[in-house]
There are 2 protein chains.
Amino acid sequence: MSEGVEWALHSCVNLAWMEGRAVTAARLAALYSLPAAYLNKQLQLLAKAGILTSTPGPRGGFRLARPTSAITLLDVVTAIEGGEDAFRCQQILREGPGGRDDVDYRRTCAVSIGMRKAELAWRRELAAQTISDVIAQVERHNPDAPSRTRGQLM
Amino acid sequence: MSEGVEWALHSCVNLAWMEGRAVTAARLAALYSLPAAYLNKQLQLLAKAGILTSTPGPRGGFRLARPTSAITLLDVVTAIEGGEDAFRCQQILREGPGGRDDVDYRRTCAVSIGMRKAELAWRRELAAQTISDVIAQVERHNPDAPSRTRGQLM
DNA sequence: GAGTTATTACTCGGATAATCGTTGTCCGAGTAGGATAGG
DNA sequence: CCTATCCTACTCGGACAACGATTATCCGAGTAATAACTC
């Protein structure tokens with residue numbers, strides 16, 4: 001899985017603490033000494049997915065497009081990684097004995113079904129957690145994280 | 001995810017139908033027109049994980065090391081992909097404000113915990129399914145698959 | 001004919017390249033704010 | 001002093017390389033069956 005997912009999730013949390021103020025990719029990257037231009041790439045993907053809004057020019061940057069309770073971990077993962085399954089059935093049964101070209105083995109192959117079952121469980125668990133949940137847990141263990149981060153980003 | 005996982009799973013199913021007879025990597029590969037040498041590599045990983053046993057020389061090949069009901073999908077996936085999580089926390093919080101070097105953020109970071117929760121659900125679902133389950137489903141929809149495959153492999 | 005030995009063909013096993021995706025970098029399009037000049 | 005225009009600096013956005021992992025290939029080590037040879 002792409003490392004950008006981790007960056008994107010942390011950036012969403014940090015943006016949530018900025019209360020709607022725009023933050024540039026460079027500042028978000030400086031927080032964790034990340035390559036700014038590459039983080040920018042990930043934030044663009046989030047913007048394209050409707051999770052962030054971006055504004056160019058001076059005083060520009062990124063900000064959350066929705067309340068944190070309406071952004072699931074699955075939303076962020078899908079935005080960065082794309083919607084395809086990790087296990088993508090190549091339908092090798094088509095080349096096997098009794099294989100047919102007019103059958104979609106992604107639906108019928110027992111191996112594919114079993115793997116897909118696990119992936120759905122993974123997705124379900126990701127969809128059940130929001131950025132809001134993450135923030136709540138962080139603030140419980142580290143109550144001054146929001147103000148400290150805000151100080152670094154302004 | 002590596003394409004070899006799909007090959008390995010299908011190979012396990014096919015080996016199960018061979019009732020303990022050894023089958024060479026070349027024959028298993030020919031079933032689906034796969035590159036034999038590369039499939040051999042995956043089968044080696046399964047052997048190293050104790051899922052298959054390998055015997056060299058004439059009349060050699062691979063065979064299942066355990067009953068199909070004792071081989072889970074997770075066993076096969078882990079053998080091919082390795083045991084590491086897909087989402088591997090880089091602990092970027094160490095570089096952030098208030099980051100400490102003596103803290104294992106893989107355990108404490110809320111983002112990491114949330115992602116890990118989903119991965120555990122994925123693993124749990126994979127561990128709940130065995131090769132035996134897959135075979136049962138195949139034979140229900142395609143009762144003559146075992147004999148047909150056996151004919152191709154002998 | 002039976003046992004023993006040398007041979008041979010076959011298989012896995014690991015070391016070695018080629019390809020593709022991820023990671024990382026750079027420069028251009030567009031914008032908003034500020035400076036400047038005119039009224 | 002106020003307003004309109006121009007300019008400048010700053011930001012995102014997408015195009016362009018570098019690295020690493022996956023994919024693919026090849027040849028050697030070892031084994032078991034076979035064939036030949038001896039008793």
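Computation of the quantities below employed the complete heavy-atom set of this structure, encompassing side-chain atoms and omitting hydrogens, waters and symmetry-equivalent molecules. The chains referred to below are lettered A, B, ... by the order of the sequence lines, with proteins before strands, and numbering in each begins at 1. Quantities reported herein were computed from a predicted structural model and do not represent experimental measurements.
Side chain of R63(A) to main chain of G20(A): a donor-acceptor pair is present (N/O by atom type, distance under 3.5 Å, no hydrogens or angles). Judged by distance alone, the side chain of E119(A) and the main-chain N or O of A86(A) form a donor-acceptor pair under 3.5 Å. A donor-acceptor pair is defined here as one N or O able to donate and one able to accept, closer than 3.5 Å; such a pair exists between the side chain of D133(B) and the backbone of T130(B). For E6(B) (side chain) and Q90(A) (main-chain N/O), a donor-acceptor pair under 3.5 Å exists by modelled atom type.
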Pairwise N/O distances under 3.5 Å, protein to nucleotides 3-7 of chain D:
none

Short N/O separations, protein against nucleotides 8-13 of chain D, under 3.5 angstrom:
from, atom 1, to, atom 2, distance (Å)
dT11(D), O4', G57(A), O, 3.1
dC12(D), OP1, A25(A), N, 3.2
dC12(D), O3', S54(A), OG, 3.4
dG13(D), OP1, S54(A), OG, 2.6
dG13(D), OP2, S54(A), OG, 3.4
dG13(D), N7, N40(A), ND2, 3.1
dG13(D), N7, Q44(A), NE2, 3.3

Atom pairs, N/O to N/O, protein against nucleotides 20-25 of chain D, distance under 3.5 Å?
from, atom 1, to, atom 2, distance (Å)
dT23(D), OP1, E3(B), N, 3.0
dT23(D), OP2, S2(B), OG, 2.6
dT23(D), OP2, Y38(B), OH, 3.0
dT23(D), O5', Y38(B), OH, 3.4

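Residues passing the salt bridge (charged side-chain N to carboxylate O under 4.0 Å, His left out) test with R94(A), sequence neighbours excluded: none. Residues meeting the side-chain hydrogen bond (donor to acceptor under 3.5 Å, both in side chains) test with R124(B), sequence neighbours left out: none. The side-chain hydrogen bond (donor to acceptor under 3.5 Å, both in side chains) search around R116(A) returns D85(A), not counting sequence neighbours. Applying the salt bridge (charged side-chain N to carboxylate O under 4.0 Å, His left out) criterion to D104(A), with sequence neighbours excluded, gives R106(A).
In this structure, the helix from dG1(C)-dC39(D) to dG39(C)-dC1(D) shows an angle of 0° between the axis at its start and the axis at its end, each fitted on 5 base pairs and rounded to 10°.
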Donor-acceptor contacts under 3.5 Å from residues 28-48 of chain B side chains, at least two apart:
from, atom 1, to, atom 2, distance (Å)
Y32(B), OH, N14(B), ND2, 3.1
Y38(B), OH, Q42(B), NE2, 3.2

With a 3.5 Å cut-off and sequence neighbours excluded, list the donor-acceptor pairs that the side chains of residues 74-84 of chain B form with protein atoms.
from, atom 1, to, atom 2, distance (Å)
D75(B), OD1, T72(B), OG1, 3.4
D75(B), OD2, R66(B), NH2, 3.3
D75(B), OD2, T72(B), N, 3.0
D75(B), OD2, T72(B), OG1, 3.1
T78(B), OG1, L74(B), O, 2.8
E81(B), OE2, S2(B), N, 2.9

Could you list the donor-acceptor pairs under 3.5 angstrom formed by side chains in residues 146-154 of chain B, with sequence neighbours left out?
from, atom 1, to, atom 2, distance (Å)
S147(B), OG, D144(B), O, 3.2
T149(B), OG1, A145(B), O, 2.9
R150(B), NE, W17(B), O, 3.0

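Residue pairs that meet the ring-ring contact (aromatic ring centres under 6.0 Å, His included) test with at least one member in residues 56-112 of chain B, sequence neighbours left out, do not exist here.
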